[in-house]
Structure formats: structure tokens, C-alpha cells
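One structure is given here, and the rest of the page talks about it.
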Amino acid sequence: MPELPEVEITRLGLTPELEGRRITAVTLRRPDLRWPIPGEIAALLPGEFILGVRRRAKYLLMDLAPGSALLHLGMSGSLRVLAGDVPPGRHDHVDIALDSGRVMRFNDPRRFGCLLWQPLGETHALLRDLGPEPLSAQFDGNHLFRLSRGRQTSVKAFLMDQGTVVGVGNIYAAESLFQAGIAPGRPAGEISRPRYHRLASAVKEILAHAIRCGGTTFRDFIRPDGRPGYFEQELFVYGREGELCLTCGGILKNSRLGNRATVWCGHCQT
DNA sequence: CGTATTCCCTGCACGC
DNA sequence: TGCGTGCAGGGAATAC
């Protein structure tokens, strides 16, 4: 389930394979993923040079002269770069062939991902109302404190809201709240400024650490070169409901918040 | 506007 | 062994 670290790891793996390459062909084996794949993808990409691969939130942007292809991995998507003669398998929905003889292949069993188009100079509606990047200076405890005043929703839902800060999904929200010692169900508006400073620091540290580990391969994430990530070995709470807290030895609780599984320690998180 | 809920989709774990 | 059920979840859409 790709969150910011997994998307960033994907970007890092794609960049040396894609940057400066010319696209020779686009193969769409489905007309749609989450949304229909716009005609510009098949019409405009072949022949274009890939100028760069950027990331904004959990979106990847492949920059070409006439605009950018926008990719989201949803929760089961992955991008791999393979030799051009590797036959496609189940759920290999899109191929982008390169003049290197290799092919970037988009696999997504659950099809929550998307492939969209953004003309040069425009910002796609999906990118318009996003909060700051968590690893940027714009994101800090003051930002969280200010945005949370008057909010009744749980701090976990608040943290996972992409308008608050981007890139934090269920795994990293749970881990960040654990490291900050904050109970996930606490109303966002009731949390003090010092505690939000701790939370912002935890988010930054955990995301940066997860990127260094190559991301989290909990079920299906895979890097462009086929290797897994190793951060799941560092998880303190996510996926560990009923097991022992690694800090205090208590039993980790499991509840549902905002229709998401939420694991936390009732002793360490208050 | 804020908040909670539903829905999209497939693979897999589970219980009978 | 096979079948039904529930869950996983990003995030848009919908309802209130």
C-alpha cells in the first residue's frame, strides 16, 4: 500500500531508467483504471522525451514537453522497468516502451490507481487542494496546531487528510502517533502545540527512515527493479494488534477510526 | 464548511 | 476441497 515513502522509492528507481529516454510506444490493456485513461496518453506520449520524474504527494509526474503524465499507485499499484520482451502478466494494465529497449510496466490488481494527463502549465484538479509536503519546511508543529483548532475529528483522521499534510496513510499515521505518544482517537482540536511539534517531528523522522529502508512491503509493494522494501521490520504498531508493545510490553489495541484499522498502545499513547 | 459514510476493486485469510 | 464472508485501503463522492 504505497504511501509517500513507497512512491518516493518508486520515483528514485524510475529516474535513471526514464530520464532522457524517448518513449517509443504506449500499450493500454485496459481503457481505465480508477478513471478512464485520457486519450492524450496514447496520442501524445509516443515520440516524446522524458524530461524528468517528479513526485507530489502520492502522485508521480512524468514530465514531457507537452505536459505531464500523472500516476497514482492507489493501494496495490506498482511500476517496474523490465526488458522489452518480458510477456505481460495478470493486471499489467499499461506499458510505456522506451528507446533503451526496456519497458515501464504499470501493474495494479485492485485498480485503485490512475493514469491521467496534465497539459503543460496546468495543475490537475487532483493536485490543487493538497497540503504541504511532510519533509518540507512548510510542514511543522505550528502548521498542525493552527489547522487543527476547532476540529472535532480524530487526530489520526486529521493527519491522514491530504489537505493537512500529504503522503501520510494508515501505516505511517499509526507509526507517527505511536512515536509521538498521542492516542489516535483524541480530537485534533484538543491537542497542544508542544505535542503537535512532537508529532510533526515523528512524521518527518519516520518517513525519512522508511525511504532509507526502501519503503514498506506489507503485502504488495515492489520497487521498479523488483526488490522489496524493508521498513515493515521496523513497524512498532501497524499490523501488530494483539501483540506486545515494544516499549512497555502491554498488549496493542485495535479499534476503527474513520473506517480504518487503527493499532495503538493504550499505555504509551495518551 | 466540517464530519461521517459509502463506494470502487481484487486477493487473501478465515470459518464452516 | 470448496464456498461464502469480511477485510485490506486512497480518496472521491455523497449525505447530512
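Everything numeric in this text was worked out from a predicted model, so none of it was measured. Residue numbering restarts at 1 for every chain, and letters A, B, ... go by the order of the sequence lines.
- For the pair A/R149 and A/F145, the cation sits on the ring face: its NZ or CZ lies under 6.0 Å from the ring centre, inside 45° of the axis.
- Side-chain atoms of A/R193 and A/N142 include a donor-acceptor pair closer than 3.5 Å.
- Residue A/M62 is tested with A/L115, A/L14, A/I96 for a side chain to side chain contact (heavy atoms under 4.5 Å, CB included); the sole match is A/I96.
- Going from atom CZ of A/R110 over to atom C1' of B/dC12 covers 9 Å, rounded to whole Å.
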Mind listing the N/O atom pairs, protein and nucleotides 13-16 of chain C, below 3.5 Å?
none

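- Separation of the A/F106 and A/H93 ring centroids does not fall under the 6.0 Å cut-off.
- Using a 4.5 Å heavy-atom cutoff, the side chains of A/L61 and A/R11 are not in contact.
- Among B/dG11, B/dG2, B/dA4, the nucleotide with an atom closest to any side-chain atom of A/R90 is B/dG11.
- Residue A/M75 has its side chain nearest to C/dG9 when only C/dG9, C/dA12, B/dT10 are considered.
- Looking at A/S176, its side chain never comes within 3.5 Å of a backbone N or O of A/A173 through a donor-acceptor pair.
- Here A/R260 lies in heavy-atom contact (under 4.0 Å) with a base.
- Among the nucleotides B/dT3, C/dG11, B/dG11, the one closest to any side-chain atom of A/H91 is B/dG11.
- For the pair A/N107 CG and B/dT10 P, the interatomic distance rounds to 13 Å; values are reported in whole Å.
- Distance CG (A/L257) to P (B/dT3): 14 Å, rounded to an integer number of Å.
- Counting to the nearest Å, the P atom of C/dG11 and the CG atom of A/L127 are 11 Å from each other.
- Summarising the geometry, the separation between CZ on A/F158 and P on B/dG2 is reported as 11 Å, rounded to the nearest angstrom.
- Annotation: of the two residues near DNA chain B, A/R111 and A/G150, the 5′-most nearest-nucleotide partner is A/G150.
- The stacking criteria are not both satisfied for A/F112 over the base of C/dG11, which would need a centre-to-centre distance under 5.5 angstrom and an angle between ring planes under 30 degrees.
- Judged purely by atom type and a 3.5 angstrom limit, A/R223 uses its side chain to pair as donor or acceptor with the backbone of A/P228.
- Proximity note for A/Q152 (side chain, C-beta onward) versus B/dT3, C/dG11, B/dC9: the nearest is B/dT3.
- With rounding to whole Å, A/N170 atom CG is found 10 Å from C/dG10 atom C1'.
- Picking from C/dG11, B/dT3, C/dG9 the nucleotide with the shortest atom distance to the side chain of A/Y59 gives C/dG11.
- Nucleic acid contact class of A/L126 (heavy atoms, under 4.0 Å, all strands): sugar-phosphate only.
- Nearest nucleotide to the side chain of A/Y238, out of C/dG11, B/dT3, C/dA8: C/dA8.
- In this structure, the CG atom of A/L159 is 15 Å from the P atom of C/dG9, given to the nearest Å.
- Across all strands, A/A261 comes closer than 4.0 Å only to sugar-phosphate atoms, never to a base (heavy-atom distances).
- Of the side-chain N and O atoms in A/S76, none sit less than 4.0 angstrom from OP1 or OP2 of B/dG11.
- Atom-to-atom, CZ of A/R256 to C1' of C/dC7 comes out at 7 Å; the value is rounded to the nearest Å.
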Check the pair A/F231, A/Y172 against ring pair (Phe, Tyr, Trp, His ring centres under 6.0 Å), reporting the backbone distance first and the verdict last. CA-CA 11 Å; A/F231 188 72; A/Y172 297 108; 5.7 Å; yes

